[in-house]
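These figures come from a predicted structure and were not determined experimentally.
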Amino acid sequence: MNTKKQILFTVLMVVGALVFGMIIAGGLNLTEPTRAEETSRPALAAEKDSRDEQARRVERHARTAIDSFADLAEAVLPAVVTVEVVRIEEAPEVRRFQDFFRRIPGQPDPEQEEQRFPGAGSGFLISSDGWIVTNNHVVERAETIRVGMDGREYPAELKGRDRETDLALLKIDAGDELPHLPLGDSDALRVGDWVMAVGNPLSFEASVTVGVVSAKGRSIPIENNRADFANYIQTDAAINLGNSGGPLVNTAGEVVGIATGKAFAENIGFAVPVDVLEGVLPQLRDEGRVRRGYLGVQIRDLEHIEARYYGLEGPNGAFVTDVQPETPAGKAQVEAGDVILGVDQHEVEGTRDLIDYVAALPPGREVQLHVLRDSERIGLDVKLEERPSLVAEQEEPTPAAPPREESMDWLGLELRPLTSTLRERAQLDRRQRGVFVSGVSARSVFAEKGFQAGLVIVGLNGAGIENLGDLGNATVDLESGDLVRVEALAPGGQRLFAVIEVP
C-alpha cells in the first residue's frame with residue numbers, strides 16, 4: 001500500500017513540475033511557436049486588413065448614402081443654371097438664295113444679311129459670389145450670354161475658356177450670396193458608383209437623370225478629331241442637348257464631372273472629370289485661357305509584340321511615330337521610333353501619362369525624357385514651349401455696337417415712310433399711320449425681342465408714332481440704360497408690345 005502511494009505521489013510531482021515549467025516558460029516567451037501558429041499569423045494579418053478595408057467601405061458608404069435621390073436633387077438644383085447665348089452669323093447660302101426671290105423691296109440684301117442664332121446649355125455655380133462653370137462649346141462665339149436661375153436672368157461675363165478641355169468660366173453679379181456646389185474627387189470614382197446628371201436637356205429646365213459610372217479614362221475628340229486632355233467619365237445617366245455644362249454629382253452632392261456630350265448610342269454619355277477642371281481653373285480665372293507645355297511629337301501606345309522586341313517586361317511607354325521639326329522634341333534630337341519610358345521622375349505607362357504630365361507644366365519648363373532607342377537607354381533634356389494651337393488661336397473679335405448718335409442709327413432698324421403700297425402689303429387699314437420697318441440688324445436690341453422686317457411702329461412710351469419725324473423726336477433725348485416700350489403692328493394688324501433697354 002505504501003508502495004502504491006509512493007508511486008502515485010511521484011507521478012503527481014512529475015506532472016506538477018511539468019505544468020509549472022510550462023507556465024514559467026510561457027511567461028518568459030521561451031516556448032517556440034508551432035508551425036500552425038506560424039502559419040496563422042499572416043492569415044490573421046490579412047483578415048485584419050480585410051476587416052479594415054470593409055470598415056473603410058462602410059464609412060465611405062455612410063458618408064454618401066442617401067434615403068432618396070429626391071434629397072440629392074433638392075440639394076443640387078438651386079445651384080444649377082441655364083446658360084442662354086446668342087450668336088450672330090451670316091445666313092446660310094441656301095437660305096440666301098431662297099430669300100433673294102422673296103425679300104421685300106427695301107430689305108437688306110440677303111447676301112449681306114446676318115442672322116441671330118439663339119442657343120442654350122447648362123452650368124453650375126462654384127462660389128457664392130457668382131462664378132459659374134459651363135462648357136466651352138456652349139459659349140463659343142457668343143455675342144451675348146445670359147444666365148437664368150430661380151426665375152431671374154443675369155447678364156454674364158465670359159472670364160475664360162479652353163477648347164482642349166471644353167470648359168469655360170462665367171461670372172455674374174447677383175448682388176446676393178448664391179447657392180453653390182462643392183467640388184469632389186473624380187479620381188476616387190469607381191466604375192459602378194451612382195451619379196446624377198443635372199441640367200436643361202432639350203430646354204426642359206431643372207431636369208435630373210440618374211445612372212452609374214460606366215467607365216473612366218475615355219478619350220473622345222471635341223472637334224476635327226483633335227485629341228484632348230479630358231480623360232472623360234462615361235456614364236449611362238442620360239445626357240442630351242442642353243445638358244452640356246451641367247454638373248455630374250455623386251451621392252454626396254459633390255461635383256465629380258461636367259456633362260459634355262453623348263455618343264450616337266443609347267446610355268452613353270461623357271463628362272469632363274472635375275479633377276481636370278480644378279487643374280485649369282486658376283488659369284481660366286486669372287488669365288482667361290490655359291497655357292500648356294508642348295513637346296512636338298506624335299505618339300501612340302506600345303504594342304505587346306513591340307515590348308517583346310525591345311526586351312521590356314510589358315507594353316509600357318509611348319512610341320514616337322513622328323517628330324515635328326523646330327519643336328522642343330526636334331531640337332532635343334528625339335527621333336521617330338524612340339520609346340519614351342519616363343519623363344522626369346514619372347514612369348510613362350501609356351500615351352495618356354505623357355500627355356497629361358507635359359500638358360500640366362507651363363511653357364519654358366525643362367524636363368528630361370527617358371528614352372529607349374534601339375537597345376540603348378538615353379536621357380534627353382527638353383525645354384517645353386507653348387502648345388502652338390493655343391498660341392495661334394486668335395479670338396474672333398466681337399464687332400462693336402454702332403456708336404449712339406443723336407440720329408436713330410442706334411435703333412439698328414431700316415425705316416421707311418408707311419406708303420399706301422407698304423400699308424397694303426402689311427394688310428393694314430388705309431388710314432393707319434406709322435413707320436415701316438424694312439430691315440432689322442441682327443445686332444439690334446430690337447432683334448433680341450423678335451422684331452422682323454414688315455412690322456409697323458405705331459407707338460413709343462405710350463405716344464403715337466405717325467411718321468419718321470415723330471419717331472426721331474421721341475428718341476432724341478433717350479440715354480443709355482433708359483427703358484422704352486415700343487408698340488408695333490404685325491402684318492394683318494396684330495398688335496405687339498416690347499420693352500427694350502437703350503444701348
Quiz item: Hey, is the main chain of Ile258 close enough, under 3.5 Å, to the side chain of Thr260 for a donor-acceptor pair?
Solution: yes
Quiz item: Under a 4.5 Å cut-off applied to non-hydrogen side-chain atoms, are Leu483 and Val502 in contact?
Solution: no
Quiz item: Under 3.5 Å, is there a donor-acceptor pair between the Lys262 and Asn240 side chains?
Solution: yes
Self-check item: Contacts of type salt bridge (Lys or Arg N to Asp or Glu O under 4.0 Å), residue Glu306, not counting sequence neighbours
Solution: Arg300
Exercise. For residues 322-343, pull every pair meeting salt bridge (charged side-chain N to carboxylate O under 4.0 Å, His left out), keeping only residues two or more places apart or in separate chains.
Key: Lys331-Glu385, Glu335-Arg373, Asp338-Arg373
Quiz prompt | Worked verdict on Ile132 versus Ile172 for side chain to side chain contact (heavy atoms under 4.5 Å, CB included) | solution = CA-CA 8 Å; Ile132 295 171; Ile172 63 172; 4.0 Å; yes
Quiz item: Below 4.5 Å, heavy atoms only, C-beta onward: do Ile340 and Val320 meet side chain to side chain?
Solution: yes
Practice problem: State, with a plain yes or no, whether a side-chain heavy atom of Val358 is found less than 4.5 Å away from one of Leu384. | Solution: yes
Quiz prompt | Gln283 side chain to Arg291 backbone, donor-acceptor under 3.5 Å | solution = yes
Quiz item: Does any non-hydrogen side-chain atom of Ser214 lie less than 4.5 Å from one of Val191?
Solution: no
Quiz item: Which of parallel (below 30°), tilted (30 to 60°) and perpendicular (above 60°) describes Phe446 and Phe451?
Solution: perpendicular
Exercise. Dump the intermediate steps for side chain to side chain contact (heavy atoms under 4.5 Å, CB included) on Val290 and Glu164, then the final yes or no.
Key: CA-CA 9 Å; Val290 179; Glu164 308 292 347; over 6 Å; no
Quiz prompt | Gln368 atom CD, neighbour heavy-atom count above 12 within 6.0 Å | solution = yes
Practice problem: Dump the intermediate steps for side chain to side chain contact (heavy atoms under 4.5 Å, CB included) on Leu181 and Leu125, then the final yes or no. | Solution: CA-CA 6 Å; Leu181 298 179; Leu125 286 148; over 6 Å; no
Practice problem: State, yes or no, whether a side-chain contact exists between Thr235 and Phe270 at a heavy-atom distance under 4.5 Å. | Solution: no
Exercise. Kindly determine whether Lys216 and Arg218 satisfy side chain to side chain contact (heavy atoms under 4.5 Å, CB included), including the steps that lead there.
Key: CA-CA 6 Å; Lys216 295 175 62 178; Arg218 296 300 197 202; over 6 Å; no
Quiz item: Asn135 side chain to Asp166 main-chain N or O, any donor-acceptor pair under 3.5 Å?
Solution: yes
Practice problem: Ignoring hydrogens and angles, tell me if any N or O in the side chain of Asn250 forms a donor-acceptor pair with the backbone of Ala252 under 3.5 Å. | Solution: yes
Quiz item: So which heavy atom on Arg377 is nearest to which on Leu341, and how close?
Solution: NH1-CD1, 3.1 Å
Quiz item: In Å and rounded to the nearest 0.5 Å, what is the CG to CG distance from Leu277 to Leu167?
Solution: 5.5 Å
Quiz prompt | Spacing of OH belonging to Tyr357 relative to CD belonging to Glu347, to within rounding of 0.5 Å | solution = 13.0 Å
Practice problem: Taking all heavy atoms of Pro179 and all of Ala79, pick out the closest pair and write down the distance. | Solution: O-CB, 3.6 Å
Practice problem: Compute whether any side-chain donor of one residue and acceptor of the other, for Asn136 and Arg161, lie under 3.5 angstrom apart. | Solution: yes
Practice problem: Evaluate the ring planes of Tyr310 and Phe319, with Trp represented by its six-membered ring, and classify them as parallel (under 30°), tilted (30 to 60°) or perpendicular (over 60°). | Solution: tilted
Quiz item: Does any N or O in the side chain of Asn200 come within less than 3.5 Å of the main-chain N or O of Gly242, such that one atom is a donor and the other an acceptor?
Solution: no
Self-check item: Tyr154 and Met149, any side-chain heavy atoms less than 4.5 Å apart
Solution: yes
Quiz item: Is the count of non-hydrogen atoms from other residues, nucleotides or ligands lying under 6.0 Å from Asp381 atom CG greater than 12?
Solution: yes
Quiz item: Is the side chain of Ser186 donor-acceptor paired with the backbone N or O of Asp275 at a distance under 3.5 Å, no angle test?
Solution: yes
Practice problem: Considering non-hydrogen atoms only, spot the tightest contact between Lys171 and Asp129 and give its length. | Solution: NZ-O, 2.7 Å
Exercise. For Leu178 and His180, work out which heavy atoms get closest and say how close.
Key: O-ND1, 3.4 Å
Practice problem: Can you measure from CG (Asp236) to CD1 (Ile268) and round to the nearest 0.5 angstrom? | Solution: 9.5 Å
Quiz item: So with a 6.0 Å cut-off around CD1 of Ile305, is the heavy-atom count from everything else above 12?
Solution: no
Exercise. Would you name the heavy atoms of Ala447 and Ala442 that are closest together and state the gap between them?
Key: CB-O, 3.8 Å
Exercise. Can you establish whether the number of heavy atoms outside Asp374 located under 6.0 Å from its atom CG is more than 12?
Key: no
Exercise. Mind checking the NZ-CG spacing from Lys383 to Leu295? Nearest 0.5 Å is all I need.
Key: 14.5 Å
Quiz item: Hey, is the main chain of Asp344 close enough, under 3.5 Å, to the side chain of His370 for a donor-acceptor pair?
Solution: yes
Self-check item: Note: Arg163-Glu140 ion pair, threshold 4.0 Å (strictly below)
Solution: yes
Quiz item: Taking Asp356 for the side chain and Asp353 for the main chain, is one N or O donor matched with an acceptor at less than 3.5 Å?
Solution: no
Self-check item: Gap between atom CG of Asp286 and atom NZ of Lys159 - 0.5 Å precision
Solution: 10.5 Å
Quiz item: So with a 6.0 Å cut-off around CZ of Arg308, is the heavy-atom count from everything else above 12?
Solution: no
Quiz prompt | Side-chain heavy-atom pair Leu281, Ile126 within 4.5 angstrom cut-off | solution = yes
Quiz item: Is the shortest heavy-atom distance from the side chain of Val272 to the side chain of Tyr232 under 4.5 Å?
Solution: yes
Quiz item: Any side-chain donor paired with an acceptor under 3.5 Å for Asn243 and Ser122?
Solution: no
Quiz item: Can you name the one residue among Arg289, Arg285, Arg292 that meets salt bridge (Lys or Arg N to Asp or Glu O under 4.0 Å) with Asp162?
Solution: Arg292
Quiz item: So, does Ser444 use its side chain to make a donor-acceptor pair with the main chain of Leu411 at under 3.5 Å?
Solution: yes
Quiz item: Residues two or more places apart in sequence or in another chain: which of them pass salt bridge (Lys or Arg N to Asp or Glu O under 4.0 Å) with Asp193?
Solution: Arg190
Practice problem: Specify the closest pair of heavy atoms between Glu84 and Glu153, including all atoms of both residues, with the distance to one decimal. | Solution: OE1-OE2, 3.1 Å
Quiz prompt | Interatomic distance, Thr82 atom OG1 to Arg146 atom CZ [nearest 0.5 angstrom] | solution = 12.5 Å
Quiz item: Is the CG atom of Leu241 crowded by more than 12 outside heavy atoms at less than 6.0 Å?
Solution: no
